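The structure under discussion appears below in the form of C-alpha cells.
Quick caveat: nothing in here was measured; it's all calculated off a predicted structure.
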Amino acid sequence: MSDRLPPLTALRAFDAAARHMSFAKAAEELNVTPAALSFQIKSLEDHLGHPLFRRLNRAVELTEAGKALAPGAVEGFTSLKAAWAATRRLQDNTSLTVTAGPALTAKWLAPRLYDFARAHPEIDLRFSATLRNMDLERDDVDVAIRFGYGGDDGLYCLPVRKEWLTPVMTPELAAEFTTPESLREAPLIHDDSIAFLKPPADWPTWFRAVGVEFTPTHGAHFSNADHAIDAAVAGVGVALGRRAMIIKDMMEGRLVAPFKTAIETKGRFRFLCLPGAENRPQVAAFRDWFVAEIEKTAHISDEFTIVPVEDVSST
C-alpha cells in the first residue's frame with residue numbers, strides 16, 4: 001500500500017458517494033456519468049488495496065475502511081473549499097458581505113446604508129441579518145458586527161462604544177407618565193434579547209438607578225430588540241431601549257426619552273473580520289464609515305447621566 005495520496009478526483013468521487021450513499025446521486029452532483037464515478041472509486045480502492053464500499057443490489061454501504069476515510073474526506077474538502085473561497089475574497093476588492101443581528105440591521109444599519117452606497121458606488125454590499133455564529137473562514141462573510149462581551153480570539157476586533165439603555169415612549173405617553181415613579185403604572189415593554197447580560201440591564205436595574213424600588217410583574221416581552229422598539233413607537237407602552245436601537249426614532253421625534261438617567265451595560269458592539277482583512281479596501285472603507293456614523297450621534301450620550309449597571313446591581 002502506497003503512502004502517496006491518491007488523485008484528488010478519486011477522493012472527490014468518494015466524498016460525494018459517501019455523503020449520498022448513492023453512486024447515481026454522487027455522479028449527478030459532480031456532473032459525471034455513474035460509470036465514470038464508479039471508475040474513480042475503483043481506482044481509489046486499487047490505490048488503497050481495500051474496498052471502500054459494499055455494492056448491494058440497489059444501494060451501497062461503507063466498509064470499515066470507507067467509514068475510516070469518510071470523515072476526513074468531508075473535513076478535507078470542506079476546508080479546501082473554505083480556503084479557496086477565502087483566497088478568492090482576498091483578490092476581490094469590489095464586493096463586501098456583512099453579517100449583523102436583525103435588530104441592528106433594521107434599526108441602525110439599513111437606514112444609513114444609502115450614504116455608504118453613495119460614497120462607495122464601486123462596492124457591491126451584501127447583508128446577512130442573523131444572530132447565528134458565523135465562521136468568517138468558511139461562511140463567505142467578510143465582516144461581522146456582533147453585540148456582547150467578546151471572545152473573539154483569532155479575529156481582528158474593533159470594539160465600539162458600550163451600550164446604554166433608557167426608557168423611551170411616544171410623546172403622548174410621556175405627557176401621561178411624567179416621573180420615574182409614575183412608570184410603575186405604565187405598560188412596560190421588555191427586550192428579552194439582552195437577557196444574557198450580567199449584571200442584567202433590565203427594568204428593575206433602571207428603577208434602582210433612579211432610586212425607585214420596583215420589580216415589574218407585567219408587560220409585553222419581545223425576543224427581538226427592534227420589535228420591542230416598534231411596539232413603543234406604536235404606543236403600546238414604554239420600552240427600556242438600547243442606544244443603537246432608539247437613536248433614529250428619537251432624532252425623528254417618534255420616541256422621547258424624558259428621564260435623563262441611563263444604565264450602561266458591559267456589552268458592546270464589535271467590528272470583526274479575519275486578521276489582515278481589515279486592510280482590504282472595501283473592509284477598511286466600511287469600518288471607517290461604521291465608526292464615523294457612531295460618532296455622529298455620540299453627543300446624545302451627553303444628555304444623560306449614565307450609570308454602570310454593576311453600580312446598581314441587586315447582586
Side-chain angles (χ1 to χ4, degrees), residues 101-104 107-108 131 145-151 159-170 173-174 176-250 254-270 294 297-315:
L104 183 72
K107 285 295 181 182
W108 197 92
L131 291 174
I145 299 173
R146 289 292 182 257
F147 176 74
Y149 297 122
V160 296
R161 291 177 177 267
K162 290 183 179 179
E163 280 286 77
W164 48 256
L165 300 91
T166 196
V168 290
M169 63 198 85
T170 61
L173 280 180
E176 182 177 352
F177 300 101
T178 58
T179 66
E181 291 81 5
S182 68
L183 290 184
R184 290 181 292 191
E185 305 301 323
L188 301 182
I189 296 171
H190 303 263
D191 173 12
D192 291 342
S193 71
I194 56 172
F196 69 92
L197 291 173
K198 303 296 179 188
D202 54 12
W203 275 113
T205 304
W206 184 84
F207 277 116
R208 282 192 298 274
V210 294
V212 177
E213 286 297 326
F214 178 60
T215 301
T217 58
H218 61 284
H221 288 254
F222 291 88
S223 60
N224 291 332
D226 54 325
H227 296 171
I229 302 307
D230 286 344
V233 170
V236 171
V238 182
L240 189 60
R242 278 193 278 156
R243 176 193 57 82
M245 306 302 166
I246 62 177
I247 199 75
K248 190 171 190 297
D249 289 313
M250 285 177 57
R254 289 182 290 272
L255 294 175
V256 296
F259 312 119
K260 300 306 180 183
T261 298
I263 53 175
E264 184 180 67
T265 76
K266 288 187 173 182
R268 64 199 313 163
F269 284 102
R270 295 105 58 217
I294 291 172
T297 56
H299 65 280
I300 301 296
S301 299
D302 297 336
E303 302 175 8
F304 294 86
T305 298
I306 300 177
V307 181
V309 292
E310 54 267 32
D311 291 354
V312 287
S313 174
S314 62
T315 57

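From E310, atom CD reaches atom OG1 of T205 across 11.0 Å, with rounding to the nearest 0.5 Å. Here the CG atom belonging to L255 is positioned 11.5 Å from the NZ atom belonging to K248, to the nearest 0.5 angstrom. To the nearest 0.5 Å, the span separating CG on N224 from CG on D230 amounts to 10.0 Å. To the nearest 0.5 Å, atoms CD1 (I229) and CD1 (I247) are separated by 11.5 Å. Within the model, atoms CD1 of I263 and CD1 of I306 stand 11.0 Å from one another, a figure rounded to the nearest 0.5 Å.
Side-chain contact check for V238 versus F259: every heavy-atom pair is 4.5 Å or farther apart. A 4.5 Å side-chain heavy-atom check between M245 and S193 finds every atom pair outside the cut-off.
With sequence neighbours left out, the ring-ring contact (aromatic ring centres under 6.0 Å, His included) criterion links F177 to no other residue. Residues passing the salt bridge (charged side-chain N to carboxylate O under 4.0 Å, His left out) test with R146: none are found, sequence neighbours excluded. Under the salt bridge (charged side-chain N to carboxylate O under 4.0 Å, His left out) criterion, E264 pairs with no residue, sequence neighbours left out. Partners of R161 by side-chain hydrogen bond (donor to acceptor under 3.5 Å, both in side chains), not counting sequence neighbours, listed by chain and number: E295. Judged as a ring-ring contact (aromatic ring centres under 6.0 Å, His included), and not counting sequence neighbours, the contacts of F214 are F207.
Figure legend: R243 and F304 shown without cation-pi pairing, the cationic atom not lying both under 6.0 angstrom from the six-membered ring centre and within 45 degrees of its axis.
The residue from K198, R270, R268 that alone fulfils the side chain to side chain contact (heavy atoms under 4.5 Å, CB included) condition with Y149 is K198. Each of T265, V309, D311 was compared with P199 under the side chain to side chain contact (heavy atoms under 4.5 Å, CB included) criterion, and only V309 meets it.
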Apply side chain to side chain contact (heavy atoms under 4.5 Å, CB included) to D191 and L240, showing your working. CA-CA 7 Å; D191 173 12; L240 189 60; over 6 Å; no
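Nearest heavy-atom pair across A257 and V168 is CB-CG1, 4.0 Å.
Pairs passing the ring pair (Phe, Tyr, Trp, His ring centres under 6.0 Å) check and including a residue from residues 220-250, sequence neighbours excluded, read H190-H221.
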